[in-house]
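Remember, it's 1-based here, ligands and their atoms both numbered in the order they're listed. Note that this is a predicted model, so its numbers are computed, not measured.
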Amino acid sequence: MNGNNLKILIDGIIIDGKGSGPIKDQAIIIEGKKIKDIVKVDSILKNIKPAYTLYDLKGQYIMPGFIDTHTHVQMSVAQTEIQKFRENIPKKTLRAAFHAKNTFEAGFTSIRDLGAEYLIDLDLRDAINEGLLVGPRMFVSGYKIMPTGADFPMYAPEVKIEGQHVMDSPEAIKREVRTLLARGVDVVKVMTSGRTARATSSPDAYALSLEDTKIVVQEAHNQNKKVSAHAHGAKGIKIALQAGCDSLEHGTILDDQDIEIMLKNNVFLVPTLSYGRRIEQLGGKCDLPKYAIEKALRSRENRLKSFSKALKSGVKIALGSDSGMPFVNHGDNAFEAMSMVEAGMTVMQAIQSMTSCAAELIGISDKIGDITPGKLADIVIVDKNPLQDISVLNNKDNIKAVIKEGKIEIDRGLRFKEKA
Ligand SMILES: [Zn+2]
């Protein structure tokens, strides 16, 4: 049941995404794709026009659609390297669509997907926008900008694998960024450090150099697109910040000087705590190579220190689950909010990081991220109080409805009320 395009939500408790709430006794009027108005319930009940459908939320919580600023819907949590290489592109695309749907069903109406192979992310974004599939609004980066050795595993010298984009010269980097922008990416993802999850890549070493990263930033900013930097170690972080990147993904080792630059230049931190937290929870019982477990746990220790430093100093922190990494399931994106609260955020701060703050990082605060008249009606209805326990958001059973642009896409028992 989608209802018509004129809706009124009454008797819900609003948590608006901007830090206010819970707000009671309001009616949210939705016309077409947008929130038309928010008014006192008493005033609207007296003169509802017959064209409107009335939804009585009976004390359930009304939140803005959730936003995850760091996903990998193409990546499968459980697939081995060899399974990935055996799978053809159509199957990979269907898999990505399935993951995007799982994410959406958990209340995430928008995601920023950072780094996909074969540009699957661009077509998936467009297919969802065309209405071919139900899924989150996607903001995508296409290929990551990275040099040899930063990410892909090394195989025997005679093995050549298509689709793995690496670039090692300024010319190649410039061409790659310009090509991605021309193809229509929403954001550029650059790797300024190596990875924790690869045997042959060091998170402490820089990946792209400062000079090369500056090229990326210049080309992206020239077309008003932001640059998101995968940066773990001190070297990679400093390169990302000096080059002018707009967000640090992971940000594992931050010093005071980094924090100062982040505050001055409005650089967001996307701490991606879920992976390390999950490995920690699983302890020794986790099916990963020993080096990966050790690197993840060491990284977690450092990242928690950097996270609290950033939090205390007022650096903007946006939720990014890094879903697709081992044990970080698509659809469990709100586990990241739980991890951030465990690490010191208030519940309200965590909610802002997955709504208004995330929208600000993506650059779409004028359209989504909070519940305000004039914005798109991306709304999630939750039947338990997340302010008491943030973990209620990471259970689909509690997510009673997902509304995207005024349309009820997921309905797990939204109560419809006949007009008196
Ligand atoms: Zn990632």
Side-chain angles (χ1 to χ4, degrees), residues 67-79 81 84 92 95-96 99-100 103 108 110-117 119-121 124 136 138-146 150-153 164-166 180 185-198 201-203 207-208 216 226-233 236-237 240 245-253 268-279 288 292 295-296 299-300 302-303 306-307 317-333 335-336 339-340 353-354 358 361-362:
I67 305 169
D68 189 332
T69 69
H70 189 135
T71 64
H72 300 283
V73 290
Q74 192 208 319
M75 272 164 52
S76 182
V77 171
Q79 267 187 321
E81 210 71 55
K84 283 179 204 163
K92 284 181 194 296
R95 190 182 289 283
H99 292 155
T103 308
F108 285 79
S110 297
I111 57 173
R112 192 175 66 146
D113 203 69
L114 294 176
E117 291 174 324
L119 302 177
I120 283 172
D121 50 350
L124 182 55
M138 290 178 69
F139 300 89
V140 304
S141 70
Y143 301 118
K144 298 179 230 179
I145 306 298
M146 61 184 173
D151 191 353
F152 295 119
Q164 293 191 339
H165 277 233
V166 290
L180 286 172
V185 297
D186 304 288
V187 55
V188 177
K189 166 88 179 279
V190 66
M191 291 192 63
T192 61
S193 86
R195 286 190 58 184
T196 52
R198 291 262 182 250
S201 174
S202 166
L208 224 56
V216 178
K226 292 192 179 187
V227 178
S228 135
H230 161 105
H232 281 290
I237 284 175
C245 294
D246 302 282
S247 65
L248 288 185
E249 311 301 315
H250 320 304
T252 305
I253 300 179
F268 287 65
L269 176 66
V270 182
T272 64
L273 302 178
S274 295
Y275 173 61
R277 179 69 186 118
R278 291 289 289 130
I279 298 215
L288 280 183
K295 275 167 130 182
S299 168
R300 171 151 176 85
N302 288 321
R303 210 174 305 177
S306 296
F307 176 82
I317 298 176
L319 179 140
S321 66
D322 217 355
S323 63
M325 286 289 283
F327 317 113
V328 187
N329 298 313
H330 302 284
D332 278 344
N333 309 61
F335 181 78
E336 182 69 17
S339 305
M340 291 199 290
S353 84
M354 64 197 281
L361 166 57
I362 297 174

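- Without hydrogens or angle criteria, Lys226 side chain to Ser247 main chain gives no donor-acceptor distance under 3.5 Å.
- Scanning for side chain to side chain contact (heavy atoms under 4.5 Å, CB included) contacts around Asn302 gives Thr252, Ile253, Arg298, Lys305, with sequence neighbours left out.
- Listed by chain and residue number, the protein N/O/S atoms under 2.8 Å of the Zn ion (ligand 1) are His70 NE2, His72 NE2, Asp322 OD1, with waters left out.
- The side-chain heavy atoms of Ser321 and Asp332, taken from C-beta on, include no pair separated by under 4.5 Å.
- His72 has its side chain within reach of Asp322: a pair of non-hydrogen atoms, C-beta onward, lies under 4.5 Å apart.
- Each of His230, Arg195, Lys295 was checked for a side chain to side chain contact (heavy atoms under 4.5 Å, CB included) with Pro203, and the lone residue meeting it is Lys295.
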Walk me through it: do Ser274 and Arg278 pass the test side chain to side chain donor-acceptor pair (under 3.5 Å)? CA-CA 6 Å; Ser274 295; Arg278 291 289 289 130; over 6 Å; no
